[in-house]
Amino acid sequence: MVTTQIASSKTVSELFLNRIDESRTDIAYEIEVNGEWKPTTWDAYGEEVSAFALGLVALGIEPASRIAIWGETTPQWTIADIGIMALSGCAAGIYQTCTPEQAAYIITDSASCVVMADTAERLQTALSLREKTPNVSHYIIWGDEAPDQENVHHFNAVLEMGRQYRQEHPTAYNALVEAVTAETTAVLVYTSGTTGPPKGAMLSHKNCIFHAAGIHDRTGDRNDQSAIAFLPMSHVGENVVGLIGRLYTGTKGIFCPDMANFARIIQQRKPTQLGGVPRLFEKLYAAMQDKLQATPPNKKRLIDWAITVGDQATPYRMAQKPLPLVLSLKYKIADAMVLSKLRMGLGGRAEYMLSGAAPMPKHIISFFQAIGIPFYEVYGLTEGAGISHMNSDGHYKPGTVGQVLIGFECKLATDGEIMVRGDGVFQGYLNKPEATAEAIMEDGWLLTGDIGEVDDEGFLRITDRKKNLLVTAAGKNVAPANIELLISREALISQVVVIGDQRHFLTALITLSPEALQGLQQTEEFSGQSLDEIRTSETVQKCVEQAVSDANAQLARYENVRKFAVLPEEFSLARGEVTPTTKIKRKVVVEHYADEIETMYQDTR
């Protein structure tokens, strides 16, 4: 529930205190410990945050300091994050997958004076970087024991320091919160860097509050809400959209530090909101499809019928219109016999799904909507505090990322580049004034780097990244994202990169889903075969060929993919081919697979 007191908050620190006042004994978050779920109330959460902030003061950390945090998404990260904000500082998040060199870059660029880590391994890596990170004066570990070394502390020890400090200075925490301003930097998010070193995007308290209020304006007040916290806290999606969004609405956080437990936690904890990146929903869809394909023929026919009825009902349900009488009767039967049971596989309480960061295959959206879960695509940048456009109840149009949030403006440049303006636009990149000037125009418009179209109702459709546009040898401008999305509708296909810049025709590099291949391995046709044998089989190759052919049938002739190569494995973070948020680094992929690309363009007479 968002009360007047919550809505009047000017900073995240004030918001947190107001949320505690409103929801004291409600559950703020829960985490699984040794097989048991441990809940924490808002009151207890507030005590932990206050203790951590004052623990930093006891360590001698000055206000407005930056602190690097490296680890999985756990309550300790959020306690530290909110506590650092109360000190007028901000956390510099480091992705779990970062190399030591990447971690050193973020620690140095942010001038962090403290490094926090969850495991002994990450702590030792941070300690080994001391010569490269001379600004660091203290290290804090929360997941393992703290080694007996100078200026290395356990998280719990910092909490105890803070509690002792609070006994001696009972008004100190509130005084710190009162000193925070709306313009104070609250969050420092290092972009994943598809084209170069990551840049630290600075988001103010005003940016964060503006964003939370805009999302709430579209989702409205909902009772007994819960959401799984699983994305990296170093990502704007978990930090601003997730954490600060939960503070604003009072939504319970269900922590999932290990994605291997995600499906089990959904079923056990039954979240009401499911938000994430397309890869998450692709995996959920693939797992559900594997189970459906394994059902006996008679039951499978019933399931297929029910999903077809659900699909027929989707346009009415998404438009919040009553179903025609006959369809309504069919839907009630389909829902009672099949669809409600399929939803139970996702906990049974999900009120909606949100997906952003990349295009979502249409068939996956259709499936979740058909089984009765509204699925909404959203759009935004780290530099815009997370989300600027959103589909939602009563504001939905398929094939788009929705309408602009309240308080944001949107327009297209002459070349079609999407621009947004409003209080959600970030403060700039840390230490990079030139890059900031390139991103934000003098009149406040943020250049997104994305090409799009806006219809007469204000719904935005993303065409592609501006830098990804291909210009063929014939001078045709081609947006590869739509082609790649059409090809990837085939469940076997996981990643597609279309090639064609300055070429006479288009080709594609295609990778296959390991989960889908493993599913085929269980079938009679492929029993006993290795994944590589399945990948190179005639059946799979024909399936990919058909997916490309089906995509070509929906495209202009100059957009057709004439040749493709199925690669032996997916693009890898370890090889630098994708970012920590799974965005494909096209330039790196093209370099790594130059031979395969040239082979496709040979003998084209």
Are F16 and Y45 an aromatic pair by the rule of ring centers under 6.0 Å?
yes

Is a salt bridge present between R489 and E282, judged by a nitrogen-to-oxygen distance below 4.0 Å?
no

Residues at least two apart in sequence or cross-chain that pass side chain to side chain donor-acceptor pair (under 3.5 Å) with S23, listed by chain then number, are R19

A quick test of your reading: do over 12 heavy atoms of other residues, nucleotides or ligands sit less than 6.0 Å from CE of M1?
no

Centroid-centroid distance, F230 to F255, less than 6.0 Å:
no

For M85, the option from V49, T11, V187, L15 that meets side-chain contact (heavy atoms from CB on, under 4.5 Å):
V187

Take I418 and I451, measure what side-chain contact (heavy atoms from CB on, under 4.5 Å) needs, and give me the verdict at the end.
CA-CA 6 Å; I418 302 161; I451 302 296; over 6 Å; no

Is K362 salt-bridged to E377, going by a charged N under 4.0 Å from an acidic O?
no

side-chain hydrogen bond (donor to acceptor under 3.5 Å, both in side chains) partner of Q225, chosen from K252, E351, R246, R349
E351

Are F375 and F281 close enough that their ring centres sit under 6.0 Å apart?
yes

Salt-bridge test for R461 and E453: reply yes if a basic N is under 4.0 Å from a carboxylate O, no otherwise.
yes

Indicate the atoms forming the closest heavy-atom contact of V338 with A306, along with that distance.
CB-CB, 3.5 Å

Validation row, ring centre F459 to ring centre H395 under 6.0 Å
no

Between K583 and E577, does any NZ, NE, NH1 or NH2 come within less than 4.0 Å of an OD or OE carboxylate oxygen?
no

Do other residues, nucleotides or ligands put more than 12 heavy atoms under 6.0 Å from N223 CG?
no

